[in-house]
Engineer: 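I'd like to ask some things about the structure below.
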Amino acid sequence: MPLVLHDTLTRSKRVFEPRDEKRVTLYVCGPTVYDFAHIGNARPPVVFDVLVRLLRRRYGAGHVVYARNVTDVDDKINAKAAKEGVPIGEITARYEAAYLEDMTRLNVAPPDIAPHVTDHMDAIVAQIGAILDHGCAYAAEGHVLFDVSAYQAYGALSGRNLDDMIAGARVEVAPYKKNPHDFVLWKPSKPGEPEWPSPWGPGRPGWHIECSAMIEQVLGLPIDIHGGGIDLAFPHHENEIAQGVCAHGHAHGERPQDEYARYWMHNGFLTLDAEKMSKSLGNVLLLHDLVQAIPGEVVRWALLSAHYRQPLDWTQSLLEQSKKNLDKLYGLLDRTQHIPSRRLHPDEHEATDPTQPLLDDLNTPGAIARIFAYAREIETLLAKQPREVADAAIADAKARLLELANLLGVLQSDPAEWLKGDVSDALAAEVEALIQQRAAARAEKNWAEADRIRDRLAELNVEVMDGAEGARWRLRS
Ligand code: AMP
Ligand code: ZN
């Protein structure tokens, strides 16, 4: 079954065919590490984590190279460092560490490569030099600017043409610019700000060139898939294409944009209670706070509950519903703990591939619906006779359910642990102690004591399940 992805550049769904099946390349624009990430910033890493899981399953784990950068040179970082009176490295290290901690809680696997701008300054300067050599940029007053008129396909990704853009220009006009849409490749740093040497004077790169230079250096051009939030399509990705193509002088080919990235994927925006998240409006939900307060899987489930290209409105009821769904599925996994899931034979996949919704442009709501279809099937089978036949069918349905869950990166916890989730440490300690005392009382045939403990556990709303490997417990729902 083919994998189909929506490509922003052609505005259509296309069958995904990597350039080299042994080395599928993917780049996603990562965080600018000047502050904690907000919940909207979590959508791209989670969505593309699902894509990477799917690609690894399809092409083999070692045949996918995923790069997600860290933007550690940026005006906002400089401003924060100046405000706190510390070097930028202190700011970027602090917020990168927080970001990685959040990603772990969301079950987002680390990318294969996490390039940092500060480690790739030579490549950035070299790419700017190459663009100048090909006549697509000019140096003026310590700046190097990309000359948008030199790249005929400018606007192809975002569907804007240069004349319209100029008419509606809201970009910075500067005396050294030939055209208001020309954008910065290199600029002098302000006094006190960090700077790096270059043939055009000391300074720092523009944001767009950081990504295109790192992509070329760590993955090589063209890459298969480039991803990010829809707000990045213009100008960030439009400019990346212009730079990546013009650094190699291919600006006048038939489809020059193919020289840079072959598929473009953009996630839709997340709103908070139907409003745009905005610091100035004071409605920003920090991911870091959220994943300390509730399980990361609940956040991840909520993020995947809408199709990635659709807008997603973040509400309390979305979180409650996500938690309920996970509780239900964990409950089912807990009740069927004694039935191991069966390894599916590859041939069986062809007939009823559980991952089919994801192959259709990463249809995560479809995948979630299918998980619940397997869950209903298991529920029905639990009441069926004869048990051996029903259990074999459960093992099968469970394997499919879990395969899909693994691709979504959910249901990754131990069911019994999850179901204990809301229990305080003090209560858990008391319950564990009571269960041990009960075992001791039973061993001594002290039935009165065993009954007393059973009643105490019932008071605590605890259900104990005795099994071959000892007693497990959970709170009654
Ligand atoms: P930034 O750190 O601002 O460069 O953003 C990191 C990533 O988060 C980019 O891919 C943005 O497109 C994405 N992003 C920012 N805000 C939102 C939002 N409200 N909803 C979805 N994605 C977002
Ligand atoms: Zn980027």
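Counting from 1, the numbers follow the sequence of the chain as shown. From a predicted model like this one, the values you see are computed outputs, not experimental measurements. Start at 1 and go down the list; that is how both ligands and their atoms are numbered.
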Engineer: Check each heavy atom of Leu232 against ligand 1 and say whether those closer than 4.0 Å belong to the side chain, the backbone, both or neither.
Structural biologist: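 Answer for Leu232: side chain.
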Engineer: With under 30° as parallel and over 60° as perpendicular, where do the rings of Tyr95 and Phe36 fit, or are they tilted in between?
Structural biologist: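 The arrangement is perpendicular - the two ring planes meet at more than 60°.
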Engineer: Looking only at non-hydrogen atoms, which of Gly40, Pro311, Gly268 approaches atom 22 (N) of ligand 1 most closely?
Structural biologist: Gly40
Engineer: Any N/O/S atom of Cys211 sitting less than 2.8 Å from the Zn ion (ligand 2), backbone or side chain?
Structural biologist: yes
Engineer: Which residue supplies the protein heavy atom nearest to atom 17 (C) of ligand 1, what is that atom called, and how far is it?
Structural biologist: Phe269 CZ, 3.4 Å
Engineer: Please work out, at 4.0 Å between heavy atoms, whether the side chain, the backbone, both, or neither of Leu270 comes within that distance of ligand 1.
Structural biologist: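 It is both parts that get close, each with some atom under 4.0 Å.
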Engineer: Show the numbers, then the answer: is there a side chain to side chain contact (heavy atoms under 4.5 Å, CB included) between Ile39 and Leu270?
Structural biologist: CA-CA 8 Å; Ile39 180 64; Leu270 183 150; 3.8 Å; yes
Engineer: Got an N/O contact under 3.5 Å between Arg43 and ligand 1?
Structural biologist: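 No, there is no polar N/O contact under 3.5 Å.
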Engineer: List every atom of ligand 1 that sits less than 4.0 Å from any heavy atom of Asn267, numbering the atoms from 1 in the order shown and giving each element.
Structural biologist: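 Numbered from 1, ligand 1 contributes 21 (C), 22 (N).
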Engineer: So His181 and Phe234, would you call those rings parallel, tilted or perpendicular, with 30° and 60° as cut-offs?
Structural biologist: tilted
Engineer: Return yes or no for this condition: an N or O of Gly228 is under 3.5 Å from an N or O of ligand 1.
Structural biologist: no
Engineer: Checking contacts here: is it the side chain or the backbone of Thr271 that comes within 4.0 Å of ligand 1, counting heavy atoms only? Could be both or neither.
Structural biologist: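 None of Thr271 does.
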Engineer: How far is atom 14 (N) of ligand 1 from its nearest protein heavy atom, and which residue and atom is that?
Structural biologist: Asn41 ND2, 3.7 Å
Engineer: Suppose we measure from atom 2 (O) of ligand 1 to each protein heavy atom; which comes out shortest, and what is that distance?
Structural biologist: Thr32 N, 3.4 Å
Engineer: At less than 4.0 angstrom from any non-hydrogen atom of Asp231, what atoms of ligand 1 do you find?
Structural biologist: 11 (C), 12 (O)
Engineer: Could you check whether the rings of His236 and His208 sit parallel, tilted or perpendicular, using 30° and 60° as the cut-offs?
Structural biologist: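 Aromatic pair His236/His208 classed tilted.
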Engineer: With a cut-off of 2.8 Å, does Cys29 place any N/O/S atom under that distance from the Zn ion (ligand 2)?
Structural biologist: yes
Engineer: Consider ligand 1: state whether an atom of it lies below 4.0 angstrom from any non-hydrogen atom of His38.
Structural biologist: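 It does, in that a heavy atom of His38 comes within the 4.0 Å cut-off of ligand 1.
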Engineer: Between Leu26 and Ile223, is the side chain to side chain contact (heavy atoms under 4.5 Å, CB included) condition met? List the steps.
Structural biologist: CA-CA 7 Å; Leu26 171 77; Ile223 58 168; over 6 Å; no
Engineer: Using a strict 4.0 Å cut-off to heavy atoms of Gly229, name the atoms of ligand 1 that fall inside it.
Structural biologist: 10 (O), 12 (O)
Engineer: Quick test of your reading of the structure: of Ser278, Gly227, Ala233, Pro44, whose heavy atom lies closest to atom 13 (C) of ligand 1?
Structural biologist: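 Considering heavy atoms of Ser278, Gly227, Ala233, Pro44, the nearest to atom 13 (C) of ligand 1 sits in Pro44.
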Engineer: Quick one: OG on Ser341 to CG on Leu333, what's the gap to the nearest 0.5 Å?
Structural biologist: 9.5 Å
Engineer: Please work out whether the ring planes of Trp418 and Tyr330 are parallel, tilted or perpendicular, with thresholds of 30° and 60°.
Structural biologist: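 Geometry flag for Tyr330 against Trp418: parallel rings.
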Engineer: Relative to each other, are the rings of Phe16 and Tyr59 parallel, tilted or perpendicular (30° and 60° limits)?
Structural biologist: perpendicular
Engineer: Is the closest basic N to carboxylate O distance between Glu84 and Arg94 below 4.0 Å?
Structural biologist: yes
Engineer: What are the two closest heavy atoms between Ser158 and Ala233, and how far apart are they?
Structural biologist: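 Shortest heavy-atom contact: CB-O, 4.5 Å.
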